[in-house]
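What follows is a single structure, written as structure tokens, with notes after it.
Remember, predicted model here, so these are calculated numbers, not experimental data. Hydrogens, waters and symmetry mates play no part in the numbers below; they use all other heavy atoms, side chains included. Residues: numbered from 1 along the sequence shown.
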Amino acid sequence: MAKQVTPIRKDRKRNPQVTRAAILHAALEEFSEVGHSGARVDRIAARAGVSKPMIYDYFGDKDAVYAAALREAYVQIRQGEMTLELDTLEPEEAVRALVHFTMNHFWNNPWFIRMLNTENLMGGETVRTLDDATEIQSVLLRRVEEILRRGNTSGQFRSSIDPVELYIFIASVCWFPISNMHTLSAVFRAPISEDWLTVHADKAADMIVGYLRRPETDAD
């Protein structure tokens, strides 16, 4: 589910954590809707229910707010993945859970796809400046690597599967139908909806698990 952040009421005593969260949520919406060039700090302030100078106090100029919002986009999806308790699931079920979570996150948080599309249109300039970007992603990669290790040890999965490659596969099959839902609906009459995406996630999980499974000849 999308993280809901209530705008700050002007008659309430400021809570730094609540204020920061409200600003970041407003920035995610603003940048994802109109892009970096079209975004305005005064609109972010209005969305968050804070003053424009307060945003500068917390983050700095528009570029700094954008960088913080982009980082927050990654933080939120990684935090969501941590709730899955993948280490308690069998390897195949863990992969399926990650596919379904990824599909649901993209669907329920449309700003995520648009934020990353914006960053890619800008050549990935900002994400390269985030000091802890690699550290944020490494949490997921370690968990995926552990799933692959357990699957290989149990004889379910092939060896030499790269965790980055696997996650790119998962993100790709979840990303495309949502990021292109309007053109796919218009051109191919694809009935893309939440129910359709649930079925698509099941099929995508089957496909990815099938790729991971050790061929019978190898198992023998």
Side-chain angles (χ1 to χ4, degrees), residues 1-5 16-32 36 48 58-59 64-122 124-151 161-179 197-198 201 204-205 208-209 212:
M1 292 293 293
K3 181 181 286 188
Q4 299 298 318
V5 179
Q17 289 185 326
V18 173
T19 300
R20 190 176 189 278
I23 294 171
L24 286 174
H25 185 75
L28 283 168
E29 292 184 332
E30 176 73 10
F31 285 114
S32 69
H36 179 278
Y58 271 75
F59 296 102
V65 178
Y66 171 77
L70 181 63
R71 180 185 182 279
E72 179 68 8
Y74 284 115
V75 167
Q76 285 196 26
I77 190 171
R78 300 289 87 93
Q79 288 178 338
E81 289 157 353
M82 290 297 293
T83 67
L84 297 177
E85 299 183 351
L86 298 176
D87 57 325
T88 68
L89 302 175
E90 290 297 315
E92 287 193 7
E93 289 308 308
V95 171
R96 293 180 186 279
L98 185 56
V99 171
H100 276 274
F101 168 83
T102 304
M103 183 73 75
N104 289 334
H105 187 83
F106 291 170
W107 175 256
N108 290 312
N109 302 280
W111 46 259
F112 183 83
I113 284 181
R114 294 197 293 261
M115 280 293 293
L116 268 62
N117 283 345
T118 293
E119 179 62 11
N120 278 286
L121 287 172
M122 295 170 61
E125 295 177 357
T126 300
V127 73
R128 292 189 181 94
T129 70
L130 300 181
D131 294 336
D132 59 348
T134 300
E135 180 181 346
I136 292 170
Q137 311 310 327
S138 66
V139 175
L140 168 68
L141 295 181
R142 285 196 300 268
R143 301 186 79 198
V144 172
E145 187 174 28
E146 176 60 16
I147 293 169
L148 292 172
R149 186 197 63 77
R150 289 194 292 115
I161 304 286
D162 182 72
V164 173
E165 180 183 31
L166 174 58
Y167 185 70
I168 290 175
F169 283 154
I170 293 174
S172 297
V173 296
C174 296
W175 187 285
F176 186 81
I178 297 176
S179 64
L197 288 169
T198 298
I208 291 171
V209 167
L212 293 174

Residues N117, W175; criterion side-chain contact (heavy atoms from CB on, under 4.5 Å); working and verdict: CA-CA 11 Å; N117 283 345; W175 187 285; 3.4 Å; yes
Heavy-atom pair with the smallest gap, counting every atom of T118 and F31: OG1-O, 4.0 Å
Heavy-atom closest contact (V127 atom, E119 atom, distance): N-OE2, 2.8 Å
Set of salt bridge (charged side-chain N to carboxylate O under 4.0 Å, His left out) partners for R150, sequence neighbours left out: none
Heavy-atom pair of closest approach, residues F106 and A171: CE1-O, 3.8 Å
Which atom of A73 lies closest to which atom of L28, heavy atoms considered: CB-CD2, 4.0 Å
Side-chain touch F101/I77, heavy atoms, less than 4.5 angstrom: yes
Point-to-point distance, once rounded to the nearest 0.5 Å, from CG of L166 to CD1 of I147: 8.0 Å
Atom pair CG/CG of L148 and D162 - distance to nearest 0.5 Å: 8.5 Å
Exceeds 12 heavy-atom contacts within 6.0 angstrom, atom CD of E165: yes
Residues E146, R143: salt bridge by 4.0 Å N-O rule: no
Spacing of CG belonging to L130 relative to CD belonging to E135, to within rounding of 0.5 Å: 12.0 Å
Counterpart residues, side-chain hydrogen bond (donor to acceptor under 3.5 Å, both in side chains), relative to E125 (two or more places apart): none
Residue pair V65 / A27: nearest heavy atoms and the distance that separates them: CG1-CB, 3.8 Å
Neighbour count above 12 (heavy atom, 6.0 Å) for N120 CG: yes
Atom pair CZ/CE of R71 and M115 - distance to nearest 0.5 Å: 13.0 Å
Spacing of I208 atom CD1 and R96 atom CZ [to the nearest 0.5 Å]: 10.0 Å
Heavy-atom closest contact (L86 atom, A94 atom, distance): CD2-O, 3.6 Å
Criterion side-chain contact (heavy atoms from CB on, under 4.5 Å) on E81 and R78, from CA distance to verdict: CA-CA 5 Å; E81 289 157 353; R78 300 289 87 93; 2.6 Å; yes
Derivation of the side-chain contact (heavy atoms from CB on, under 4.5 Å) call for V144 and V95: CA-CA 8 Å; V144 172; V95 171; over 6 Å; no
Validation row: W107, C174 side chains within 4.5 angstrom (heavy atoms): no
With S138 via side-chain hydrogen bond (donor to acceptor under 3.5 Å, both in side chains) - residues at least two apart: R142
CG on L140 to OG1 on T102, rounded to 0.5 Å: 8.0 Å
Chi angles and distances behind the side-chain contact (heavy atoms from CB on, under 4.5 Å) call for L116, Y74: CA-CA 9 Å; L116 268 62; Y74 284 115; 3.9 Å; yes
Parallel, tilted or perpendicular: ring planes of F112 versus H105, cut at 30 and 60 degrees: perpendicular
